[in-house]
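Working notes, structure below.
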Number of protein chains: 2
Amino acid sequence: MEATIEKEVCVTHTKETCVTAVAAVRDTLYVLNGKWKLPLLLALANGPKRFKEIQRDLQEITPKVLSKELKELELNEFLERKVFATTPVTVTYELTPYSRSLDRVLKELREWGLQHRQRIIKSRKHKVE
Amino acid sequence: MEATIEKEVCVTHTKETCVTAVAAVRDTLYVLNGKWKLPLLLALANGPKRFKEIQRDLQEITPKVLSKELKELELNEFLERKVFATTPVTVTYELTPYSRSLDRVLKELREWGLQHRQRIIKSRKHKVE
DNA sequence: GATACTACTATCCTAAAGGATACCGGTATC
DNA sequence: GATACCGGTATCCTTTAGGATAGTAGTATC
């Protein structure tokens, strides 16, 4: 592994950059956090869906929680809520192009997670032997 | 932005790869999650420290929580606990080389977080106007 | 007129994370 | 002998995420 300039999250090691960096990392963790954020993003990956449709796809989610999670995702501009004046009204939720900016982050998270799981399984095995 | 093959976390869109991918992402989020994981990694970035030293650096952390967080970081192989038979005993906590594997992940998380904060601030402003 | 569907909201409850406070055994210092 | 430091543990409490359950307004369907 090459030597890098940064140590963990901080590019330079002044107090302010560290505080900012930690806050930034935490922001990202925060928008992805919770039991349903990832499943929700996935559920909408193939196109817009209605409230009940999502609820059926995710099966275990209650309407209260679904409503809350959708609002958070909307605030973060990951999805758009569209109301159609049909009778009765139709409401759809659709991922925004901006939601795709998460792809790189999610890729890193996925790869590290896969690698880590393998590593931990392996070292548990060695300790048992 | 170029078209990518993957949609969000899933490389291919079969049910299994998705479930695995979500689990992997969640694993990573999990090891970084909690109020003190990042500050702790940072506190140890400049070399090993003793229990009380860390507690002083992080100021607000209680010994119970610090103890628990250190154990979790140790289980994930991010740090090593070393006991020295001095009188009285000295215990140090030291980051492992493996902990540096987080650098890439943290870099992505930090950059996305910085960018996102700017974006959200900007769109709030536009809505007020 | 009764039932059912949509898109939710309201109320109550539980489990888990984390904090406050106190304490412990061992050692060193005054 | 009293006090203080180290590396924690034990007990209780609060806050928060999330679940269970019920209900709502509006419309359509039988």
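The chains referred to below are lettered A, B, ... by the order of the sequence lines, with proteins before strands, and numbering in each begins at 1.
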May I have the distance from [X] (atom [atom1]) to [N] (atom [atom2]), rounded to whole angstrom?
X       : N      : atom1 : atom2 : value
A/Lys35 : C/dA16 : NZ    : C1'   : 13 Å
B/Lys52 : D/dT9  : NZ    : C1'   : 12 Å
A/Gln59 : D/dG19 : CD    : P     : 14 Å
B/Lys49 : D/dC6  : NZ    : P     : 15 Å

OP1 or OP2 of [N] under 4.0 Å from side-chain N/O of [X]:
X       : N      : value
A/Ser67 : C/dT9  : yes
A/Thr87 : D/dG26 : no
B/Arg81 : D/dG8  : yes
B/Lys37 : C/dG18 : no

| said: Using only atom types and a distance under 3.5 Å, with no angle test, would you say the side chain of B/Thr96 pairs donor to acceptor with the backbone of B/Phe78? | reply: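 Such a contact is found between B/Thr96 side chain and B/Phe78 backbone.
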
| Nearest-nucleotide comparison on DNA chain D, the residue closer to the 5′ end among B/Arg50 and A/Val65 |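 Between the two, 5'-proximity favours B/Arg50.
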
I'd like a table of donor-acceptor pairs (distance under 3.5 Å, sequence neighbours excluded) in which one partner is a side-chain atom from residues 79-95 of chain A, with atom names and distances.
{"from": "A/Arg81", "atom 1": "NE", "to": "A/Tyr93", "atom 2": "OH", "distance (Å)": "3.3"}
{"from": "A/Lys82", "atom 1": "NZ", "to": "A/Glu94", "atom 2": "OE1", "distance (Å)": "2.9"}
{"from": "A/Thr86", "atom 1": "OG1", "to": "A/Pro88", "atom 2": "O", "distance (Å)": "2.7"}
{"from": "A/Thr86", "atom 1": "OG1", "to": "A/Thr90", "atom 2": "N", "distance (Å)": "3.2"}
{"from": "A/Thr86", "atom 1": "OG1", "to": "A/Thr90", "atom 2": "OG1", "distance (Å)": "2.7"}

| task | Would you indicate which nucleotide in C/dC8, D/dG7, C/dG18 comes nearest to any side-chain atom of A/Tyr93? | result |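 The closest nucleotide is C/dC8.
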
| said: With ring-ring contact (aromatic ring centres under 6.0 Å, His included) as the criterion, how do A/Tyr98 and B/His116 come out once you've worked through the C-alpha distance, each side chain's angles and the decisive distance to 0.1 Å? | reply: CA-CA 10 Å; A/Tyr98 179 58; B/His116 186 61; 5.8 Å; yes

| said: Looking at B/Lys35 and B/Glu69, is any side-chain nitrogen of the basic one under 4.0 Å from a carboxylate oxygen of the acidic one? | reply: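 Between B/Lys35 and B/Glu69 there is no salt bridge, as every charged N stays at least 4.0 Å from the carboxylate O atoms.
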
| Heavy atoms under 4.0 Å, any strand shown: does A/Glu53 hit a base, just sugar-phosphate, or nothing? |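 The residue A/Glu53 makes no contact with any strand.
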
| Looking at C/dG19, does its base get a donor-acceptor pair with the side chain of B/Lys64 below 3.5 Å? |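 By the distance-only test, yes, there is a pair.
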
